[in-house]
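Comments concern the structure below.
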Amino acid sequence: MSCTQTIADYAFRSLGYGERLLPRSDFTLCQQFTLIGSGMIWNIYFGVLALLAGFVLATAVAMGKASLNPVLRKLSEWFVFLFRGSPLFIQFFFAYFLFLSLKGAYPFFSPLTSAAWGALIVLFLNTAAYSAEIFHGALQSIPKGDTEAADAYGLSGWARFRRVVWPTMLRLAWPAYTNEAIFLFHATTLVFFAGFPARQQKGDALYYANYFADKTFNPFIPYPILAGYFILLTLVVIGVFGLVNRHLNRHLPQEERRKLRLRPQAIR
Amino acid sequence: MMRGRIIGSCSDPAALEGFQWFICYLTTGKHMNLYYSFGTVLLLLAITAPAALAFGYGGAMAARSAFAPLRWFGKAYIAVVRGVPDIAFFLFFVIALDQGFEYLRHKIKCPDWNEPIRQGSDFVVCAAAKLPPGNAPQWQHETYGFLLAVLTFAIVFGAFAANVLYGAMRAVPKAQLETAEAYGMTRKQVTRRVLIPQMWVYALPGLSNLWMVLIKATPLLFLLGVEDIVYWARELGGTKTPNYTQYPHGDWRMWYFFGLLVFYLAFTKLSEVVLERIMARLNQGQATSGGEAQRKAAA
């Protein structure tokens, strides 16, 4: 079987299109590259959607944490503590079994037991909590002069937030937020190992890499392929976030612009 | 019927109700296994934390080395482990280390074996090279699996620790090192007497973050084939019918995982408090903003 044929059969296997059966013997490099790459679709799906939705909630929670209202503040603090203080792995398991019992009581909730929805919600809340902490830190370090200038111009409420507080917060938080995005993409590989079933073997990149390693008993091929895909993905994330970073810093003189620096932070 | 009412007696669970049923239920043999597996988690942390610190120290020293290939190795170790999802490393190393050990033993113990080791989808070594030996008791298999997991954790978290320590070593004020040199210390003495004692205050924020991450990575033991808390929570929580156990119940996995969630939240909270105290202790007399704040508060 030629490699183009393999690509045609398996390129969208992770979504359920193409060949139904996974290869069972005589595994070729082409099959491994194609299937693991096909699985990356899920990693990108989870990462991009959770990041976009999480960004909005994170801004709200960061504002809540900095709010003068004690109820809002406590709620935000608990939300952040709950999701940052416990392992994502356990959060997935708990959420999956919670959704299962909800489904038992009200069939309305049945979509949540699929990875596409249930895991996405967990990742969304998780990244919102981590990002909120980053945004909150940035909010605390907004230069006093900036907000005083806003007051002097007579800005208040929404206009003050929209024109001064928010852009400065983003600018300060962006390097750390880039790291968060990278590790969120890494965290998406946990989904199919933590309760959520890969129905009809529609899984993510790690799911297929693990499949090949189990079948061939040779971890030295599928995992490096997976690593290669993830390094590429990481480079793309850094590139895109770097563009945004340039946009956020465009008003500053050259030497004051904050460079993106990558800091370690592993599993949640 | 009477015997079931005696407090503390669990011989007839069907006759128990409410609180007492739960007391009996939560002390069955299988639940004891769940509680022991919390010990497994703590044991893993107790072994892995110093091991990862040792790996990290080695990695940081390698990355600072004057000998170029060693420096490249140190930097590559840090960069590769950080660039790829850790869970992929966990899954990879457990098989790769196992096969690596067996391969080495195979080369030493069976030098006259002439068949290839990889035969299609099989990894074949001679019987004497098997780890642990085929006829070993169950506990040896479990210990071997656990040690593989510990080594895997140490390698992965060692890279993160190396990165933190590498940064901390560079953060120690140059003037302090130069002063030590001015006192006539050799390079080794400067490292041992000044650099290492002074780097901790700069390393601690990174290391405490790493400790939190390590705590939150412990449930991944489950993926490495160790019977840990996740394993037992799934096992015990599943629906039990009366002909399978004396304590039938529905699907309680949600509650078991809720329990684990609470355990981890409490554990991270406790760690936060302890680490804050250590940081306050380390800040004493240091030329950092934390140390400065302490001085001002005392004055």
Side-chain angles (χ1 to χ4, degrees), chain A residues 24-27 43 81-102 104 182-183 185-190 193-195 205-206 209-210 213-220 222-224 226-231 233-235 262-268, chain B residues 78 80-89 91-96 99 118 120-123 156-157 159-161 163-164 167 206 209-210 212-220 222-223 229-230 233-234 237 250-258 260-269 272:
Chain A
R24 294 188 171 268
S25 57
D26 304 322
F27 303 95
N43 296 104
F81 175 64
L82 179 67
F83 281 95
R84 288 185 78 228
S86 60
L88 179 62
F89 197 54
I90 302 285
Q91 289 166 21
F92 274 134
F93 270 116
F94 174 67
Y96 177 64
F97 294 126
L98 175 74
F99 293 152
L100 263 191
S101 19
L102 276 179
I182 292 171
F183 290 111
F185 276 103
H186 287 185
T188 58
T189 54
L190 272 174
F193 289 85
L206 188 64
N210 188 44
D214 278 354
K215 290 282 181 219
T216 61
F217 209 54
N218 179 2
F220 297 97
Y223 289 122
L226 175 84
Y229 276 123
F230 263 94
I231 288 170
L233 182 62
T234 306
L235 290 178
L262 302 179
R263 290 237 193 89
Q265 200 219 336
I267 302 160
R268 315 116 162 289
Chain B
I78 297 175
V80 168
V81 177
R82 285 182 47 206
V84 177
D86 325 59
I87 166 176
F89 268 98
L91 295 176
F92 169 78
F93 271 123
V94 164
I95 314 182
Q99 291 187 355
R118 287 204 184 283
S121 293
D122 287 315
F123 181 82
V156 173
F157 281 92
F160 290 95
N163 193 52
V164 171
N209 184 31
L210 205 57
M212 299 297 195
V213 175
L214 184 61
I215 291 176
K216 288 185 267 168
T218 50
L220 296 181
F222 171 67
L223 295 179
I229 43 182
V230 177
R234 272 165 54 116
D251 187 353
W252 284 359
R253 284 176 296 185
M254 179 179 124
W255 299 110
Y256 277 88
F257 278 99
F258 181 73
L260 294 192
L261 213 59
V262 171
F263 165 73
Y264 277 106
L265 286 175
F267 199 7
T268 37
K269 191 82 207 167
E272 253 176 40

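Just so it is clear: chains get the letters A, B, ... in the order the sequence lines come, proteins before strands, and each one is counted from 1. No experiment lies behind these values; they were computed from the predicted model shown. The figures that follow rest on heavy atoms only: side chains count, while hydrogens, waters and symmetry mates do not.
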At a heavy-atom separation under 4.5 Å, does [X] approach chain B through its side chain, its backbone, both, or neither?
X	value
N210(A)	side chain
L233(A)	neither
A209(A)	neither
L206(A)	side chain
S101(A)	side chain

Revision key, fill the gap. Which of W255(B), F257(B), Y256(B) passes side-chain contact (heavy atoms from CB on, under 4.5 Å) with F94(A)? Answer is F257(B)
Review point. Out of F230(A), F81(A), Y96(A), Y223(A), which one racks up the most heavy-atom pairs below 4.5 Å with chain B?
Key: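 Among F230(A), F81(A), Y96(A), Y223(A), the one with the most close pairs to chain B is Y223(A).
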Exercise for review: Decide yes or no for F89(A) and F222(B): does some side-chain heavy atom of the first lie under 4.5 Å from some side-chain heavy atom of the second?
Suggested key: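 The answer is yes; the side chains approach within 4.5 Å.
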**Study point:** Close side-chain approach of L190(A) and L220(B), heavy atoms under 4.5 Å
**Key:**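 In contact.
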Check your understanding: Parallel, tilted or perpendicular: which fits the ring planes of F92(B) and F220(A), with parallel below 30° and perpendicular above 60°?
Key ->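 Because their plane-to-plane angle is over 60°, the rings of F92(B) and F220(A) count as perpendicular.
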Exercise for review: Check whether any side-chain N or O of K216(B) sits under 3.5 Å from a backbone N or O of R84(A) as a donor-acceptor pair, and report yes or no.
Suggested key: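 Flag set: sc K216(B) to bb R84(A) pair under 3.5 Å.
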Practice item. With a 4.5 angstrom heavy-atom cut-off, could you sort out which part of L223(B) is near chain A: side chain, backbone, both or neither? Key: side chain
Review point. What's the shortest heavy-atom distance between L226(A) and A88(B), and which atoms?
Key: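 Looking at all heavy atoms of both residues, the closest pair is CD2-CB, 3.4 Å.
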Review point. Closest heavy-atom contact between A96(B) and P219(A)?
Key: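 Of all heavy-atom pairs spanning A96(B) and P219(A), the closest is N-CG, 4.0 Å.
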**Study point:** Residue, of L260(B), I95(B), V156(B), L261(B), that accumulates the most heavy atom pairs under 4.5 Å with chain A
**Key:**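 If we count pairs closer than 4.5 Å to chain A, L261(B) comes out on top.
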Review point. Taking atom CG of D214(A) and atom CG of L91(B), what is their separation to the nearest 0.5 Å?
Key: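 Result: 9.0 Å between the selected atoms.
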Review point. When rounded to the nearest 0.5 angstrom, what distance separates OH in Y264(B) from CD in Q91(A)?
Key: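 Between Y264(B) OH and Q91(A) CD, I get 12.0 Å after rounding to 0.5 Å.
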Check your understanding: For F263(B), does the CZ atom have more than 12 heavy-atom neighbours from other residues, nucleotides or ligands under 6.0 Å away?
Key -> yes
**Study point:** W252(B), CH2: over 12 other non-hydrogen atoms inside 6.0 angstrom
**Key:** yes
**Study point:** Counterpart residues, ring pair (Phe, Tyr, Trp, His ring centres under 6.0 Å), relative to F193(A) (two or more places apart)
**Key:**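 Once residues adjacent in sequence are excluded, F193(A) has no partner under the ring pair (Phe, Tyr, Trp, His ring centres under 6.0 Å) criterion.
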Practice item. Apply side-chain contact (heavy atoms from CB on, under 4.5 Å) to Q99(B) and F217(A), showing your working. Key: CA-CA 9 Å; Q99(B) 291 187 355; F217(A) 209 54; 3.3 Å; yes
